[in-house]
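Report on the structure given below.
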Amino acid sequence: KKELLSDADHAMRDNNISDDDIRHRNRGSKTSESEFVSLRPPADNDPSDALYKQEYLKKHDRLLLESKRSVLFFMFCTLFTAFLRSSRENVWILYARLFYVQSTENIAWLLYGGTMFSGLSALFYSSVADYIGYDRMMVILLTLKSCGVFLECLGIDFSLLIIGYLLTALAVLYVCLSYISWILPHKYAVQYTSYFYACYFMSYLLGAMVGSLLSFYFNYRLIFWINFAFMISIAVFSYFFILGIQLKLERKQLKMTRLYQLIPLRWNHEQHQQNTFENRQHTPPATGADTVPPEEERLSDVNERFSVVMNHGSNTQKYNTSYFGMRSMTWIHWILLISILLQHSMVLCVDALWILYYNVYIVDKFHSSIVVGASQIVVVCVSFALGNLSIPHILTANWCNVRNNKYYVIVCCSIMLIGMFGFAYPLTNDLRVYWAYSVFTGYVSGILSMTMEIIILELQPKEYTGRINGIKGFTRFFTTANGVLIAGLLWKVTYNSMFYTQAAAHCLELMLVLLMIAIQHHQKRLNRPRNHFGDQIRVQPATNAPQATTQV
């Protein structure tokens, strides 16, 4: 914390901000970063400002490329953990049946405990990552996961297998998502999150195929040794290429403070806006109020600016808050955020049921080969990735011309998936039809998941991305654990318990999104800025709102 404050002070002095202003910030005043930036407005006709902008616009582009490259390092490490999980869990139930326990109910309880541990641990380490850095937490988790895979490889005792399962259940996914949201501008955070989820499920695809083929032609234990070799190599890679990169980039991004001062903000109502609290507490400038040169047009959009700079004031204040003491978080905001996190966890619970039970379903009901089940999981994952990649462009283009169209996309997708899992799958006895079902459900699930992720990126405070992703991880693993347990306990009653559990999850998801739509209409009617396309929530009452916020 002291290093960051010291670097920020040097950056402020370099940008011609006085010592009084710096002392004012360091005393912990409630002045937001937007107000702090406006303390020293630059002169419009100063030739030194023009030279400064010309130089630092190029530096900004190079720094953006460097930030994207660091994100690729995080994504590269996280994709190997997806390979690990899918290749292991794809044959986990059959492996446990063969070597250790014969009862499916006991296996369900074991998976329940491991999944709950994943959620509780994510709630802890993702929050700690906000303070020690996402790069350090990534290296720590990858080291622990390597130890867990080694214990699974030994597997001489069932207790060692349980310990290994718990260690490998530590999910680096949420550390990676937190880093993407924090280090990149909001526009690129949405893009890279979409790319990441698509690659993540493709890695799931590869792991499921490799795990199924190796277990079919060789044995179940071989896949653990292959995973161990991957995890050791990726842990060494993270130590040399990731450790220390976050602090280095934050120092460089803070030097862009003066550049952001010199370029006025222009509000684009047709784009999804990042929900920084600094933006919520100030009336956006009117579109077209300032003439911006073409080379500066890009940085006049708040979504193109680094979150490290835009949220620097609130980021330094977070060290003095409790876990739920997030600044300016209203109860309405909490309801919206928790609701969308729960909905997202329902989608991921459905995906986990596919990975865990679909092979068993194909073997038990149709007496078919495990390769057929793994191949249909591949189709689901590919379709899921296509849905992830397509929906951000569709929502931004807004072809349907409906405000808050993301919520209506969720409603439509939820209804379609309820019909598929509640009626189509259980009533179909032809395995060939399941191939078409796999394409449709995978694509719709991909659209649903990424739409929810976009809403989360807009609602979450940037300086608390670790905490929010920790809560997201906990809700995901909590719902997944209960869904897996229910499907396992009802397996003897009907093999369709997997699909009925998925349909029930989407029913709960539909109820939550309807609640969110009702809250949005309430906010729009009372105190929500009507001229804004995104999901921001205004804190002050409508009677005190500026006149500009009431224009359509």
Side-chain angles (χ1 to χ4, degrees), residues 85-86 88-90 92-93 96-97 101 103-126 162 165-166 168-171 173-174 204 335 337-361 364 377 380 384 410 413-414 417-418 420-422 425-426 441 445 448-449 452-453 456 468-516:
R85 289 198 57 174
S86 63
R88 176 175 51 87
E89 292 188 357
N90 191 41
W92 179 268
I93 296 178
R97 275 181 177 179
V101 252
S103 174
T104 305
E105 293 183 3
N106 291 337
I107 299 174
W109 280 110
L110 174 61
L111 294 174
Y112 178 81
T115 308
M116 285 299 296
F117 174 78
S118 299
L120 292 173
S121 61
L123 194 62
F124 169 73
Y125 63 72
S126 295
I162 294 176
Y165 179 76
L166 294 179
T168 54
L170 297 172
L173 166 67
Y174 302 104
Y204 247 110
I335 290 177
L337 191 55
I338 295 299
S339 296
I340 194 62
L341 290 175
L342 287 173
Q343 293 172 58
H344 194 258
S345 68
M346 299 295 174
V347 178
L348 297 177
C349 171
V350 170
D351 298 334
L353 287 169
W354 271 98
I355 297 295
L356 284 171
Y357 283 107
Y358 195 70
N359 273 337
V360 186
Y361 177 82
D364 288 354
I377 292 176
V380 172
F384 191 99
I410 295 175
C413 292
S414 299
L417 291 176
I418 289 171
M420 291 299 299
F421 294 129
Y425 273 106
T441 54
S445 297
L448 187 62
S449 176
M452 293 177 179
E453 191 66 40
I456 293 173
I468 298 302
N469 278 287
I471 298 173
K472 179 166 66 174
F474 174 75
T475 55
R476 172 211 173 169
F477 286 115
F478 179 79
T479 54
T480 299
N482 286 278
V484 169
L485 177 65
I486 293 172
L489 295 178
L490 296 178
W491 194 259
K492 290 184 178 180
V493 179
T494 173
Y495 295 142
N496 292 319
S497 61
M498 163 191 168
F499 296 121
Y500 292 142
T501 305
Q502 292 173 321
H506 284 297
C507 287
L508 294 175
E509 166 196 306
L510 181 61
M511 295 172 61
L512 288 171
V513 73
L514 292 177
L515 173 65
M516 292 187 70

- Pairing residues for S126 by the side chain to side chain donor-acceptor pair (under 3.5 Å) criterion, not counting sequence neighbours: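 Listed in chain order: nothing, the list is empty.
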- Using the test side chain to side chain donor-acceptor pair (under 3.5 Å), find all partners of E453 that sit at least two apart in sequence or belong to another chain. Y197, H344, K472
As an exercise, state the distance from [atom1] of [X] to [atom2] of [Y], rounded to the nearest 0.5 Å.
X	Y	atom1	atom2	answer
L342	T479	CG	OG1	7.5 Å
I377	F384	CD1	CZ	14.0 Å
F474	F124	CZ	CZ	15.0 Å
M452	L512	CE	CG	9.0 Å

If we only count heavy atoms from C-beta on, is the [X] to [Y] side-chain gap below 4.5 Å?
X	Y	answer
F478	L120	no
I471	I338	yes
F421	M498	no

- Item | ring-ring contact (aromatic ring centres under 6.0 Å, His included) partners for F477, two or more places apart |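 Testing F477 for ring-ring contact (aromatic ring centres under 6.0 Å, His included), a comparison that skips the adjacent residues, returns none.
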- Could I get the full list of ring-ring contact (aromatic ring centres under 6.0 Å, His included) partners for Y125, not counting sequence neighbours? none
Write down the atom of [X], the atom of [Y], and the distance for their closest heavy-atom approach.
X	Y	result
S345	R476	CB-CA, 3.3 Å
C349	G483	SG-CA, 4.0 Å
Y174	N469	CD2-O, 3.5 Å
L353	A487	CD2-CB, 3.9 Å
F117	L166	CE2-O, 3.2 Å

- S449 side chain vs S445 backbone, donor-acceptor pair below 3.5 Å: no
- Pairs meeting criterion side-chain hydrogen bond (donor to acceptor under 3.5 Å, both in side chains) with involvement of residues 496-513, two or more places apart: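 Output for this query lists Y361-N496, S414-E509, H506-E509.
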- Message: I'd like to check the side chain to side chain contact (heavy atoms under 4.5 Å, CB included) partners of V513; sequence neighbours left out, ordered by chain and number.
- Response: Q343, Y407, I410, V411, L510
- Message: Evaluate W491 against D364 for side-chain contact (heavy atoms from CB on, under 4.5 Å), listing each step before the verdict.
- Response: CA-CA 10 Å; W491 194 259; D364 288 354; 3.1 Å; yes
